[in-house]
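Sequence positions, counted from 1, serve as the residue numbers for this chain. In listed order, ligands and their atoms are each counted from 1. Because the structure is a prediction, the values reported are computed rather than measured.
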Amino acid sequence: MDKNKIYVFDTTLRDGEQSPGCSMNTEEKIRVALQLEKLGVDIIEAGFAAASPGDFDAVSRIAEVVKNSSICSLSRAIENDIKQAGLAVQNAPKHRIHTFIATSPIHMKYKLKMSEDEVIKRAVRAVEYAKTFVDDVEFSLEDAGRSEIPFMKEVMDAVISAGATTINLPDTVGYRLPSELGAMVKELSDFAGDRAIISVHNHNDLGLATANTLASVVNGARQIEVTINGLGERAGNSALEEAVMAIKTRGDAFGGLYTDINTPEIYPTSRLVATITGVEPQQNKAIVGKNAFSHESGIHQDGVLKHQETYEIMKPEDVGVFKDSTLILGKHSGRAAFRDKIKQLGFDKVSDEELNATFEKFKVLADKKKDITDDDVRMLITDEALNSDKTYDLLGLQISDCSNGMPMAAVTIKYKDEIIQDANIGDGTMDAIFKTIDRLTGYDGQLKDYKVLSVTEGKDALAKVTARVSFDEASPEFVGHGLSIDTMMATAKAYLGAVNSYLSQKERLSKKTEHQV
Ligand code: KIV
Ligand code: ZN
């Protein structure tokens, strides 16, 4: 094993998905997983297979398509969880089971109501059982940040003897300071020696997640658990882009440590996750925020023009940010130039069908919008991919003047080979649109969240709408995406996208009879 390599374990699809409003459907998770593979992530935690049939389905489908990263499922230290995790990852060329139990006094006393001996026994049984499915087993001492070191050593000895190959020390509640966590990691990684890889998983409750991750690698951790855009429970997890770029940019301070992350894929990955979840990183977010590489003050602009390094410690291109994003394509540009452009933007696996459909949308847009930017094209292509399932396809929308107090929407939809139409009034224009779509599809959606963003500046900017809709108490929320120069069209598309996503999940799960949890 190379002692200087830091293994990157991405948990965007598990801990990240636990962030409020960040749930993704299976198709979306597959897209993110393939992008994480392209990014060079070593291990992808694809979900918590035993949580629901939908989660099992997502983990197992990711296991079938990802070839280069190891696919991992989380499981509590419970037999059925471990079995579901083992079955879900079995088809991946490289796979891992990640099992955990809490080791802090507060968790053992109040949550688990278990003695130290019982915790150790349960941990050992879990690792031994996981080993019957896979060779690569990770064990987490949940709430390690508040656990006692002598007890953690006992647990580590026991689970390593049972076959655990990676020991994860999560700061579950984001409580530790970098100096404290660094000292704990040093003691425990010296204790583990060559017997296991020490991993860290830091939450950001005090804004210290990345600092804690970096303090840990300096002190012997060789796996970091991170998420794209820092998504995760509560205040989130340590952000992949921050930890990776700190190690790369400050190589001098990290004495030869490195990751295998293909850093120019960082920004495209961040954009994909933000587009799918509808959760944008804050503008001033390190590395991937909108302002991360923009200089407002004249003094800074002047400095950067004279010599880039006066005010920039990283090259934007190194994380996949290309400053000049104005596309020199217009309404007379042909398909070949368009194909070149999307390749240049990193979309190298676009099918001919997707390319043709996006090119048609590009032509329509070019007729209406003066300057088309890289962001517009990126968004058009992502939107086509996210809306590939078109059980219901929006063909037309007409809305009445709402100033007379009676907003009305008339909607035309293609369903299979039929064209269906209806109209309804509502409390507002959006309400009228949703009610009409509900009547046309026969599904009563509850809008849980709605976001509209403009893709670029200018009055003619594309509107990108994300709608989060629930259709029944038992199933999760479904996300729909809509893109149009007209906000109401984008709204109708997003709502209909959520219906399509709900239907395809329902259909797939009803076909699956094996491995139900
Ligand atoms: O924060 C945490 O402790 C976790 C574990 C399940 C690894 O997410
Ligand atoms: Zn966590």
Side-chain angles (χ1 to χ4, degrees), residues 7-20 22-23 41-51 55 59 70-78 81-82 84-85 88-89 96-108 110-112 119 122-123 126-127 130 136-148 151-152 155-156 159 164-176 181 184-185 188 196-210 212-213 216 221 223-240 242-243:
Y7 287 84
V8 176
F9 174 114
D10 182 279
T11 181
T12 307
L13 294 172
R14 200 276 300 167
D15 216 322
E17 211 219 1
Q18 286 172 219
S19 316
C22 280
S23 54
V41 160
D42 299 289
I43 304 111
I44 298 174
E45 186 161 56
F48 185 173
D55 286 80
V59 177
S70 176
I71 300 304
C72 169
S73 169
L74 182 69
S75 64
R76 288 168 297 178
I78 293 175
D81 272 26
I82 296 168
Q84 298 306 324
V89 302
R96 168 182 292 193
I97 293 177
H98 174 195
T99 185
F100 72 99
I101 194 163
T103 52
S104 63
I106 187 169
H107 276 228
M108 290 191 289
Y110 295 105
K111 186 182 80 171
L112 299 175
V119 165
R122 174 84 75 82
V127 173
D136 187 0
V137 174
E138 170 172 335
F139 183 81
S140 280
L141 292 81
E142 191 193 8
D143 204 18
R146 293 187 299 172
S147 300
E148 286 161 1
F151 180 56
M152 287 199 280
V155 176
M156 284 170 62
V159 294
T165 37
T166 300
I167 300 293
N168 186 35
L169 304 170
D171 185 20
T172 304
V173 290
Y175 177 71
R176 284 289 157 212
L181 197 74
M184 181 184 101
V185 167
L188 295 179
I197 291 184
I198 295 295
S199 163
V200 287
H201 172 115
N202 294 312
H203 279 273
N204 204 28
D205 300 67
L206 292 173
L208 294 171
T210 298
N212 279 339
T213 297
S216 303
Q223 174 176 290
I224 56 174
E225 300 200 355
V226 287
T227 58
I228 301 296
N229 298 342
L231 295 181
E233 278 276 352
R234 307 179 309 279
N237 287 57
S238 177
L240 179 148
E242 294 174 8

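For the Zn ion (ligand 2), protein N/O/S neighbours under 2.8 Å (waters excluded) are Asp15 OD2, His201 NE2, His203 NE2.
Listed by atom number, the atoms of ligand 1 under 4.0 Å from His203 heavy atoms are 1 (O). Less than 4.0 angstrom separates some heavy atom of Asp15 from each of these atoms of ligand 1: 8 (O). Remark: ligand 1 atoms within the under-4.0 Å shell around heavy atoms of Glu142 are 3 (O).
Counting only heavy atoms of the protein, atom 4 (C) of ligand 1 lies nearest to His201 NE2, 3.5 Å.
Taking Thr172 as the reference, Glu142, Asp143, Pro170 meet the side-chain contact (heavy atoms from CB on, under 4.5 Å) condition, with sequence neighbours excluded. Residues satisfying the side-chain contact (heavy atoms from CB on, under 4.5 Å) test with Ala77, not counting sequence neighbours, are Thr99, Ile101, Arg122, Ala126. The side-chain contact (heavy atoms from CB on, under 4.5 Å) test applied to Ala85 returns Ser73, Ser75, Ile97, not counting sequence neighbours.
Smallest separation of non-hydrogen atoms from Asn202 and Ser216: ND2-OG, 4.3 Å. Scanning all heavy atoms of the two residues, the minimum distance from Val127 to Ala164 falls at CG1-N, 3.5 Å.
Here the CD atom belonging to Glu225 is positioned 6.5 Å from the CD atom belonging to Glu45, to the nearest 0.5 angstrom. Summarising the geometry, atom CG belonging to Leu231 is positioned 6.5 Å from atom OG1 belonging to Thr12; distances are rounded to the nearest 0.5 Å. For the atom pair Asn212 CG and His203 NE2, the distance stands at 12.0 Å (nearest 0.5 Å).
Within the 3.5 Å criterion, the main-chain N or O of Gly145 finds a donor-acceptor partner in the side chain of Arg176.
The neighbour count for Tyr175 OH, taken as heavy atoms of other residues, nucleotides or ligands under 6.0 Å away, does not exceed 12.
In terms of N/O distances under 3.5 Å, ligand 1 is not approached by Glu225. Considering backbone and side-chain N/O atoms, Thr172 comes within less than 3.5 Å of an N/O atom of ligand 1.
Within the 4.0 Å heavy-atom cutoff, Arg14 counts among the residues contacting ligand 1. At least one heavy atom of His98 sits closer than 4.0 Å to an atom of ligand 1.
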